[in-house]
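Scroll down for the structure; my scribbles are underneath it.
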Amino acid sequence: MYIVNKLLQLLFAIFIYLLLVGACQTESSPLKLSGHRGARCVAPENTMASIDSCIKYGVEYIECDVCISKDSIFYLLHDSLLNRTTNGEGNIGHWMSADVDTLEAGAWFGEEFKGIRVPRLEDVLRRVKDHSDLSVTIDYRNGGVDRLLALINEVGMLDRCTFTFSDEEDAKELRRLVPDKKVLQAYIRHESDFDRVIEELRPDIAVVWLDSIDSPFVDKCHAAGMKVLALAMNGKRENDADYKKAISLKVDLLGTNQPLYFVKKYRK
């Protein structure tokens with residue numbers, strides 16, 4: 001009888017342990033994070049410092065904006081103008097790369113980042129290539145889609161890049177150049193655009209604002225063979241309600257200015 005009681009106690013302890021493990025697993029979110037312009041709330045946007053912060057905390061995607069210089073070098077820069085985030089002035093397309101490389105791109109964010117440069121896309125791709133669990137989302141601005149793909153192929157990173165475009169004609173050009181690659185993101189701003197976007201662009205990832213979607217919409221995207229990237233970007237303010245909604249909707253990716261906050265709070 002003593003042995004039977006001990007065995008029952010052991011089985012009960014194992015049962016409780018498994019329940020606790022299951023509870024811990026359900027607390028952790030399976031969705032992947034996309035750091036908007038890197039980790040722009042802890043380091044200057046679109047810089048190596050911002051990218052390195054994402055690498056350090058295991059963010060799966062780095063979203064960055066890409067512009068081209070006068071001599072056809074791709075750089076990370078959100079605005080066509082250099083004024084906001086560097087000590088340069090004017091459109092980057094009027095600058096030679098040798099001069100862009102001298103610009104200061106971190107002091108505006110904080111004194112500790114003084115001396116950071118505007119990174120070349122090639123250098124960013126090579127940095128990310130060393131981390132197999134990390135991908136890059138390129139928000140294309142200009143420079144030629146064919147030229148951009150040539151650079152990415154040269155580095156050997158096409159399978160770890162996705163692309164988003166403000167001009168749908170550029171998206172169609174990407175589809176023509178790499179028809180079999182699952183690399184295209186496309187904005188679906190209204191549900192009424194759904195069928196048109198699917199037919200014309202054949203995207204692999206639907207990009208939508210989190211506050212405009214619900215579970216039926218997410219299911220509809222999945223049924224059409226698309227992943228869902230939900231955008232929840234509120235400046236420097238953390239928004240737990242948004243993050244909990246993204247988890248409950250079971251979106252595939254979450255675009256946020258606060259990837260490190262999400263990692264620390266929602267990943268166990």
Side-chain angles (χ1 to χ4, degrees), residues 31-37 46 59-69 72-78 93 120-209 212-213 217-231 250-255:
L31 66 80
K32 295 182 178 181
L33 293 177
S34 177
H36 182 224
R37 306 181 203 172
N46 285 322
V59 176
E60 292 87 359
Y61 283 78
I62 295 169
E63 185 270 349
C64 58
D65 308 282
V66 173
C67 298
I68 199 166
S69 67
S72 301
I73 300 298
F74 286 104
Y75 285 89
L76 268 60
L77 187 72
H78 181 267
R120 295 187 176 199
L121 175 61
E122 180 177 356
D123 295 335
V124 170
L125 293 173
R126 295 191 185 281
R127 177 74 62 88
V128 172
K129 190 176 182 179
D130 292 334
H131 302 273
S132 59
D133 55 348
L134 183 61
S135 298
V136 178
T137 294
I138 294 174
D139 191 336
Y140 172 85
R141 302 291 169 166
N142 59 25
V145 177
D146 55 344
R147 184 182 291 147
L148 177 65
L149 287 175
L151 170 62
I152 294 169
N153 274 317
E154 181 182 337
V155 180
M157 278 288 290
L158 182 57
D159 289 334
R160 287 170 54 198
C161 288
T162 58
F163 302 85
T164 184
F165 302 90
S166 56
D167 188 335
E168 288 191 356
E169 292 305 312
D170 292 322
K172 292 175 183 178
E173 176 70 359
L174 179 81
R175 262 289 167 249
R176 186 185 68 80
L177 293 170
V178 286
D180 300 323
K181 294 289 187 179
K182 294 185 177 298
V183 295
L184 179 59
Q185 298 185 9
Y187 286 92
I188 301 179
R189 293 180 171 84
H190 305 284
E191 191 164 359
S192 58
D193 287 340
F194 189 94
D195 292 335
R196 181 193 65 79
V197 171
I198 299 302
E199 181 180 352
E200 294 183 7
L201 302 181
R202 295 179 290 117
D204 308 293
I205 300 174
V207 184
V208 294
W209 284 96
S212 69
I213 61 173
F217 181 84
V218 174
D219 293 340
K220 186 177 180 180
C221 290
H222 288 162
M226 294 184 297
K227 294 181 179 179
V228 177
L229 166 57
L231 303 178
K250 298 182 180 179
V251 301
D252 304 281
L253 300 101
L254 176 66

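Keep in mind that this is a model prediction, so the values were computed, not measured.
Panel note: side chain Arg147, backbone Gly143; a donor-acceptor pair is recorded below 3.5 Å. In terms of modelled atom types and a separation under 3.5 Å, the side chain of Arg160 and the main chain of Leu134 share a donor-acceptor contact. A donor-acceptor pair is defined here as one N or O able to donate and one able to accept, closer than 3.5 Å; such a pair exists between the side chain of Asp204 and the backbone of Leu184. Remark: the backbone N or O of Val155 is paired with a side-chain donor or acceptor of Lys129 at under 3.5 angstrom. No donor-acceptor pair closer than 3.5 Å links the side chain of Gln185 to the backbone N or O of Thr164. Arg37 places no side-chain N or O within 3.5 Å of a backbone atom of Asn46 that could act as its donor or acceptor partner.
Rounded to the nearest 0.5 angstrom, Arg126 CZ and Asp123 CG are separated by 8.0 Å. Between Glu63 atom CD and Ser135 atom OG the span is 13.5 Å, to the nearest 0.5 Å. With rounding to the nearest 0.5 angstrom, the CD1 atom of Ile205 is 5.0 Å from the OH atom of Tyr61. Note that OH of Tyr140 and CG of Leu149 are 9.5 Å apart. Values are rounded to the nearest 0.5 Å.
Geometric assessment of Lys220 against the ring of Phe194 yields a positive cation-pi assignment under the 6.0 Å and 45° thresholds.
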Can you check side-chain contact (heavy atoms from CB on, under 4.5 Å) on Leu201 and Lys172, steps first, answer last? CA-CA 6 Å; Leu201 302 181; Lys172 292 175 183 178; 3.6 Å; yes
Would you check, one step at a time, whether the test side-chain contact (heavy atoms from CB on, under 4.5 Å) holds for Leu254 with Lys32? CA-CA 6 Å; Leu254 176 66; Lys32 295 182 178 181; over 6 Å; no
Salt bridge (charged side-chain N to carboxylate O under 4.0 Å, His left out), that's the test. Do Glu199 and Arg196 meet it? Break it down for me. CA-CA 5 Å; Glu199 181 180 352; Arg196 181 193 65 79; over 6 Å; no
Does the pair Leu31 and Leu253 meet the rule for a side-chain contact (heavy atoms from CB on, under 4.5 Å), with working shown? CA-CA 5 Å; Leu31 66 80; Leu253 300 101; over 6 Å; no
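Taking a cutoff of 4.0 Å between a charged side-chain nitrogen and a carboxylate oxygen, Arg175 and Glu200 do not qualify as a salt bridge. Salt-bridge annotation for Arg141 and Asp139: present, with a side-chain N of the basic residue lying under 4.0 Å from a carboxylate O of the acidic one.
Of all non-hydrogen atoms in Ile213 and Phe217, the two that sit nearest each other are CG2-CD2, 3.4 Å. Of all heavy-atom pairs spanning Trp209 and Leu231, the tightest one is CE3-O, 3.5 Å. The two residues Val59 and Gly35 come nearest to each other via the heavy atoms CG1-N, 3.9 Å. Here the shortest heavy-atom pairing between Asp252 and Val228 reads OD2-N, 2.7 Å.
Using a 4.5 Å heavy-atom threshold, the side chains of Thr162 and Ile138 count as separate.
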